[in-house]
Structure formats: C-alpha cells, structure tokens
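The sequence lines fix the lettering, A, B, ..., with proteins before strands; numbering per chain opens at 1.
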Protein chains: 2
Amino acid sequence: MTEKAIPSPAAIKAWARLIRVSRQLVERAEDALKDSSLPPLAWYDVLHELAEAGEGGLRPFQLIERTLFAQYNISRLLARLEADGLVEKLRVADDGRGQTIRITGKGRETRRRMWAIYGRSIAELVGAKLSHDDLDALSALLGRLRDPATLE
Amino acid sequence: MTEKAIPSPAAIKAWARLIRVSRQLVERAEDALKDSSLPPLAWYDVLHELAEAGEGGLRPFQLIERTLFAQYNISRLLARLEADGLVEKLRVADDGRGQTIRITGKGRETRRRMWAIYGRSIAELVGAKLSHDDLDALSALLGRLRDPATLE
DNA sequence: CCGATATTAATGCAATTGCATCTACATATG
DNA sequence: CATATGTAGATGCAATTGCATTAATATCGG
C-alpha cells in the first residue's frame with residue numbers, strides 16, 4: 001500500500017497550524033462568552049441542534065451523532081441543561097429506553113443571546129480575516145479532511 | 001468601523017468545519033496513541049519543545065508561550081512528567097523563583113515512540129488527503145487566522 | 001414465545017481542568 | 001533600605017471529563 005508512516009514537512013505544518021489555530025479560536029470564543037456571563041460553547045452546540053430540530057426534538061443519540069460529543073458527556077450536559085430549564089426530556093412512545101429532548105422557550109432565548117456573542121466572534125476571528133473566496137477555499141480544503149464516515 | 005457583528009454564511013461554514021475537523025483529527029490521533037498505550041498528545045507537545053530546546057532546557061513560562069497551555073496546566077503536567085522520569089527540574093541560578101525543565105533520556109525515548117504513532121496519524125489523516133500544494137494552501141489560509149500576538 | 005445479543009441512556013469513580021488564590025522571589029520607586 | 005508592585009510557579013477546591021460498567025428496554029434467531 002501507499003500508506004506513509006512518515007508525514008511530509010508540508011503535512012506536519014498544516015497539521016500544526018490546524019490544531020493550534022483551532023485551539024486559539026475556540027479559546028477566544030469561549031472567553032467572549034464568559035465575559036458576557038454566558039454558558040460554554042458546548043451548550044450552544046446542543047441548543048443549536050435542538051433549535052433546528054424544532055418541536056419534534058431529538059433523541060440523545062442523535063445529538064451524539066451531530067455534535068461528536070461522547071455519550072456520557074451528552075448525558076450529563078443534558079442533565080445540566082434540564083436543571084437550568086433550557087431543555088425538557090420527554091418519554092418517547094415507541095421506545096421505552098429512550099427519551100426525546102426538546103428545547104424550551106428559555107433555551108431558545110439563551111441560544112439567541114449566545115449567538116449574539118458567538119456570531120460576533122466568528123465574524124471577527126474568521127470573517128474579517130479572509131475574503132469570501134478564501135473562506136470557501138478553506139472550507140473546501142477542510143472538507144477533504146473530514147472523516148469519510150461522518151460526512152454531514 | 002467595519003467590525004461586523006454578524007458573520008457571513010461562508011464564515012460560519014469555514015468556522016464550523018475548522019472546529020469540527022480539528023476535533024475529529026485530534027481525537028483520532030489521541031485514540032491511536034491510546035491504542036499503543038502511549039501518553040496523550042499534551043505530553044508530546046511538551047516533550048517535543050523540550051527536545052528541541054536541548055540540554056539548556058526551558059523555563060515553564062517558555063513552555064506556556066510555546067504550547068498555549070494554561071499555567072496551572074503546565075505546572076501539573078510537568079509534575080506528572082517528572083514523576084514518570086521524563087523530565088527533570090533544575091534550580092536556575094539567577095532567578096530564585098524559577099526552574100529549568102530538561103528532558104531526560106527516557107523522555108526522549110518516549111517522545112520517539114510517540115512520534116512513530118503520532119507521525120503516522122498525521123500522514124494518514126492529513127498527508128494522504130491533500131496534495132503538497134493543497135497542504136501549503138491550507139497552511140497559508142490558517143496562518144492568516146492566527147492571533148497576531150502569537151505569531152511564532 | 002424464549003434466550004442471546006444489541007441499543008439507549010445513566011452513573012460510580014478516578015483523572016484532569018478551571019478558577020482563584022497563595023507563596024516566594026524580583027524589580028522598581030522614593 | 002523599605003515598601004509597593006510584578007513575575008514564576010504551585011495548589012485547594014469545584015466542575016468536568018474519561019473510563020468502565022450498569023440498568024432497562026429492543027430486536028433477532030430459532
């Protein structure tokens with residue numbers, strides 16, 4: 001096979017920048033949320049998926065697929081969101097094991113307020129740094145690095 | 001000012017892919033290390049910096065600058081590395097507060113074994129997915145997203 | 001229908017992270 | 001020199017993560 005065990009310098013550089021830049025950017029975005037006394041990004045990810053899902057809600061395992069969080073992580077994150085009144089857990093009729101998670105009004109409101117800050121961070125950290133074409137080019141390149149098994 | 005509070009769809013897409021792909025890739029690399037019973041990536045980062053620094057070693061605050069880890073994180077990570085005999089802490093002559101961290105032979109050996117796995121992951125996850133030119137293009141685009149204050 | 005296996009979600013416990021603070025030493029200022 | 005301020009690094013405690021396991025259904029094969 002052509003599996004190379006040793007990465008090229010170009011691959012190493014791209015890897016290093018990818019890891020480093022994404023860490024920096026996430027940290028900046030998290031800091032911005034904290035400065036506004038808002039919950040962490042992980043909460044946004046879940047609230048976002050639930051808001052998109054609408055009244056039907058989502059099963060926890062669907063959230064796991066969409067957000068890439070670990071199962072135990074989602075389980076506990078949902079417990080915290082429920083404790084804060086941002087989501088509600090509903091028994092699901094046709095599967096006694098499961099439940100459906102639905103976002104509440106308060107959850108939508110929290111998501112909105114988070115987006116005001118998070119969206120600004122994205123605009124500043126990424127939108128303001130690259131042209132439209134460069135953003136598209138970046139998305140395309142990153143798209144080719146996705147796990148083939150996880151193509152959205 | 002031209003500060004936009006609302007990110008363009010292209011910016012949102014690039015952001016989402018950046019965060020998602022980097023998480024996936026890091027997780028894959030971590031899994032590969034775990035599968036070989038090797039320490040996590042954070043250890044590699046520190047051992048790598050120390051190996052590059054040579055016999056002179058590095059001060060903890062220099063590691064913080066280079067790796068972007070939080071101060072308390074480095075402090076504890078170094079304690080674990082020392083407990084494992086991978087680094088040693090040396091009193092530094094001209095500053096009674098500080099210390100110099102130096103990698104040990106065992107530390108170099110561990111780094112080597114980690115690189116065998118980690119390097120393969122990079123080759124597979126990134127090197128095998130993009131051409132040399134595309135890798136360079138990706139590095140260039142990511143370079144423009146770096147925090148201006150942290151330009152290596 | 002029954003037992004074996006798979007899936008969904010939760011949880012006990014150890015390790016790590018984050019936050020705030022603390023100690024020790026350095027440097028600047030009058 | 002004495003005090004105030006700054007810097008290097010460690011640490012107590014709470015929150016989160018990771019790992020392994022568990023409980024409660026569901027589904028499949030006979």
Side-chain angles (χ1 to χ4, degrees), chain A residues 23-24 26-46 49-50 57-84 86-102, chain B residues 23-24 26-46 49-50 53 57-84 87-102:
Chain A
R23 250 194 255 168
Q24 270 184 0
V26 166
E27 195 180 326
R28 298 292 217 102
E30 294 275 18
D31 286 348
L33 288 171
K34 254 175 290 193
D35 289 347
S36 299
S37 304
L38 289 167
L41 275 187
W43 289 37
Y44 182 85
D45 290 343
V46 169
E49 295 298 338
L50 290 175
L58 287 175
R59 302 280 301 267
F61 72 87
Q62 295 177 298
L63 281 168
I64 291 169
E65 293 165 5
R66 286 165 169 72
T67 62
L68 306 185
F69 289 125
Q71 183 269 322
Y72 58 80
N73 224 325
I74 284 289
S75 178
R76 280 156 168 160
L77 183 42
L78 289 176
R80 280 172 240 151
L81 289 170
E82 188 187 29
D84 261 47
L86 305 184
V87 307
E88 49 192 355
K89 299 184 174 182
L90 312 169
R91 284 300 129 208
V92 63
D94 62 332
D95 189 337
R97 296 166 298 186
Q99 51 189 311
T100 294
I101 310 297
R102 193 165 61 191
Chain B
R23 251 195 253 166
Q24 270 185 358
V26 166
E27 194 179 327
R28 300 289 218 101
E30 294 274 19
D31 286 348
L33 289 171
K34 254 176 290 192
D35 289 347
S36 299
S37 304
L38 289 168
L41 276 187
W43 288 38
Y44 182 85
D45 290 343
V46 168
E49 295 297 338
L50 290 174
L58 287 176
R59 301 281 300 269
F61 72 86
Q62 295 178 296
L63 281 169
I64 292 169
E65 293 164 4
R66 286 167 169 72
T67 61
L68 305 184
F69 289 127
Q71 183 269 320
Y72 58 80
N73 224 325
I74 284 291
S75 176
R76 281 157 168 159
L77 182 42
L78 290 176
R80 280 173 240 153
L81 289 170
E82 187 186 30
D84 261 47
V87 307
E88 50 192 353
K89 298 183 174 183
L90 312 169
R91 284 296 131 209
V92 63
D94 61 334
D95 188 338
R97 295 166 299 183
Q99 49 188 313
T100 292
I101 310 297
R102 193 164 61 191

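Once rounded to the nearest 0.5 Å, the distance linking CD of B:Glu49 with CZ of B:Arg66 reads 6.0 Å. Residue B:Leu38 holds its CG atom at 12.0 Å from OH of B:Tyr44, rounded to the nearest 0.5 Å. How far CZ of B:Arg91 is from CZ of B:Arg97: 12.5 Å, rounded to the nearest 0.5 Å. The distance from the CD1 atom of B:Ile101 to the CD atom of B:Gln62 is 10.5 Å, given to the nearest 0.5 Å.
To the nearest angstrom, C1' of D:dA26 lies 11 Å from CG of A:Asp94. A straight line from CZ of A:Arg59 to C1' of C:dT7 spans 10 Å, rounded to a whole angstrom. When the P atom of D:dG18 is taken as reference, atom CD1 of A:Ile64 falls 13 Å away, rounded to whole Å. Rounded to whole Å, atom C1' of C:dT5 lies 12 Å from atom CZ of A:Arg97. One can place CG of A:Leu90 at 18 Å from P of C:dT8, the figure rounded to the nearest angstrom. Here D:dT7 presents its P atom at 12 Å from CG of B:Asp95, a figure rounded to the nearest Å. Here the C1' atom of nucleotide D:dG9 and the CG atom of B:Leu58 are 15 Å apart, to the nearest Å. One interatomic measurement links the two molecules: CG of B:Asp45 to P of C:dT16, which rounds to 16 Å at whole-angstrom precision.
A:Glu30 contributes a side-chain N or O that, together with a main-chain N or O of A:Leu41, makes up a donor-acceptor pair within less than 3.5 Å. At distances below 3.5 Å, not a single donor-acceptor pair connects side-chain atoms of A:Arg102 with backbone N or O atoms of A:Val87.
Taking only side-chain nitrogens and oxygens, B:Asn73 never comes nearer than 4.0 Å to OP1 or OP2 of C:dT16. When the side-chain nitrogen and oxygen atoms of A:Lys34 are compared with OP1 and OP2 of C:dG18, none of them lie within a distance under 4.0 Å. Close to C:dT17, at under 4.0 Å from its OP1 or OP2, lies a side-chain N or O of B:Arg80.
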Scan nucleotides 10-12 of chain D against the protein and return all N/O pairs shorter than 3.5 Å with their distances rounded to 0.1 Å.
| from | atom 1 | to | atom 2 | distance (Å) |
| --- | --- | --- | --- | --- |
| D:dA10 | OP1 | B:Lys89 | NZ | 3.2 |
| D:dA10 | OP1 | B:Gln99 | NE2 | 2.9 |
| D:dA10 | OP2 | B:Ser75 | OG | 2.8 |
| D:dA10 | N7 | B:Gln71 | NE2 | 2.7 |
| D:dA10 | N6 | B:Gln71 | OE1 | 2.8 |
| D:dG12 | N7 | B:Arg76 | NH2 | 3.4 |
| D:dG12 | O6 | B:Arg76 | NH2 | 2.9 |

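Using a 4.5 Å heavy-atom threshold, the side chains of A:Leu77 and A:Leu63 count as separate.
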